[in-house]
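Here is the structure we will look at, set down as structure tokens.
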Amino acid sequence: KQEVTQIPAALSVPEGENLVLNCSFTDSAIYNLQWFRQDPGKGLTSLLLIQSSQREQTSGRLNASLDKSSGRSTLYIAASQPGDSATYLCAVSKRNTGNQFYFGTGTSLTVIP
Amino acid sequence: EAGVAQSPRYKIIEKRQSVAFWCNPISGHATLYWYQQILGQGPKLLIQFQNNGVVDDSQLPKDRFSAERLKGVDSTLKIQPAKLEDSAVYLCASSSAATYGYTFGSGTRLTVV
């Protein structure tokens, strides 16, 4: 069974700092990896999707990388802002499970003004 | 493109009562998922539909939970009778072969008292 771990569980940084969130998974035979953002009491908003043939994706101040061989992904946030405060979830899917995503428990990010 | 619609947004019920949640996926998305997210944890898959057929319901507590997707579009998830440990956010997501990733609805927060 796929296990997804996110470290750290919580992170607090001053505004303007660059930061990295980590995600690791036990089974490297993944299909896709997706990073989500979740605001308190809300649903999940997709940030970046990396397909198995890709190594990274970028959107604005966000960059996500994928290293399947080591079972790791990182989400890099540049020039953090208070509005980035949220929980960030990493999820991986396997092709032979109908693209079911397995989620980590998330990293709770607080950006201090 | 309209997103994934879920209702209600919030529900408070007493234990042993029944409750139902509704989801309308993005138009044309053949695959629909129901996830349960307990506070402080990552979402856990309950059931996956492909059109109106069940792909995987191995983690659905079938003694109390049921779900259906009529005509391959809308879906309902029912809990009967509810237990205290069912308190969670119930998330619906949809995907298509073209999108690879998931789009989530805003979720239904259930509190069982």
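Within every chain, numbering begins at 1; the chains are lettered A, B, ... in the order of the sequence lines, protein sequences first and strands thereafter. What you see is a predicted model; the values in this text were computed from it and never measured. Hydrogens, waters and symmetry mates are skipped; everything else that's a heavy atom, side chains included, is used.
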query = Do Gln100(A) and Gln59(B) come within less than 4.5 Å of each other through their side chains, counting heavy atoms only?
reply = no
key: Side chains of Leu44(A) and Pro43(B) in contact at under 4.5 Å (non-hydrogen atoms)   = yes
Same apolar cluster: [X] and [Y], side chain cutoff 4.5 Å:
{"X": "Leu110(B)", "Y": "Leu46(B)", "value": "yes"}
{"X": "Val89(B)", "Y": "Phe101(A)", "value": "yes"}
{"X": "Leu45(B)", "Y": "Tyr90(B)", "value": "no"}
{"X": "Val73(B)", "Y": "Val4(B)", "value": "no"}
{"X": "Ile79(B)", "Y": "Tyr33(B)", "value": "no"}

key: Audit row: Lys42(A), Arg109(B), side-chain contact (heavy atoms from CB on, under 4.5 Å) steps and yes/no   = CA-CA 9 Å; Lys42(A) 302 289 180 62; Arg109(B) 179 175 295 277; over 6 Å; no
request  = Output, in order, the C-alpha distance, side-chain angles, deciding distance and verdict of ring-ring contact (aromatic ring centres under 6.0 Å, His included) for Phe103(A) and Tyr35(B).
outcome  = CA-CA 10 Å; Phe103(A) 283 82; Tyr35(B) 278 81; 5.5 Å; yes
message = So for Gln6(A), is it side chain, backbone, both, or neither that comes closer than 4.5 Å to the heavy atoms of chain B?
response = neither
query = How far does OG of Ser95(B) sit from CG of Leu49(A), to the nearest 0.5 angstrom?
reply = 10.5 Å
message = Could you measure the distance from the CD atom of Gln37(B) to the OG1 atom of Thr105(A)? Nearest 0.5 Å is fine.
response = 10.5 Å
More than 12 heavy atoms of other residues, nucleotides or ligands under 6.0 Å from [atom1] of [X]: yes or no?
{"X": "Lys71(B)", "atom1": "NZ", "answer": "no"}
{"X": "Leu39(B)", "atom1": "CG", "answer": "no"}
{"X": "Ile12(B)", "atom1": "CD1", "answer": "no"}

ask   = What are the two closest heavy atoms between Tyr102(B) and Gln34(A), and how far apart are they?
value = N-OE1, 3.0 Å
query = Looking at Ser108(A), Gly41(A), Ala91(A), Cys90(A), which makes the most heavy-atom pairs under 4.5 Å with chain B?
reply = Gly41(A)
message = So for Gln50(B), is it side chain, backbone, both, or neither that comes closer than 4.5 Å to the heavy atoms of chain A?
response = neither
ask   = Are Phe104(B) and Phe36(A) close enough that their ring centers fall under 6.0 Å?
value = yes
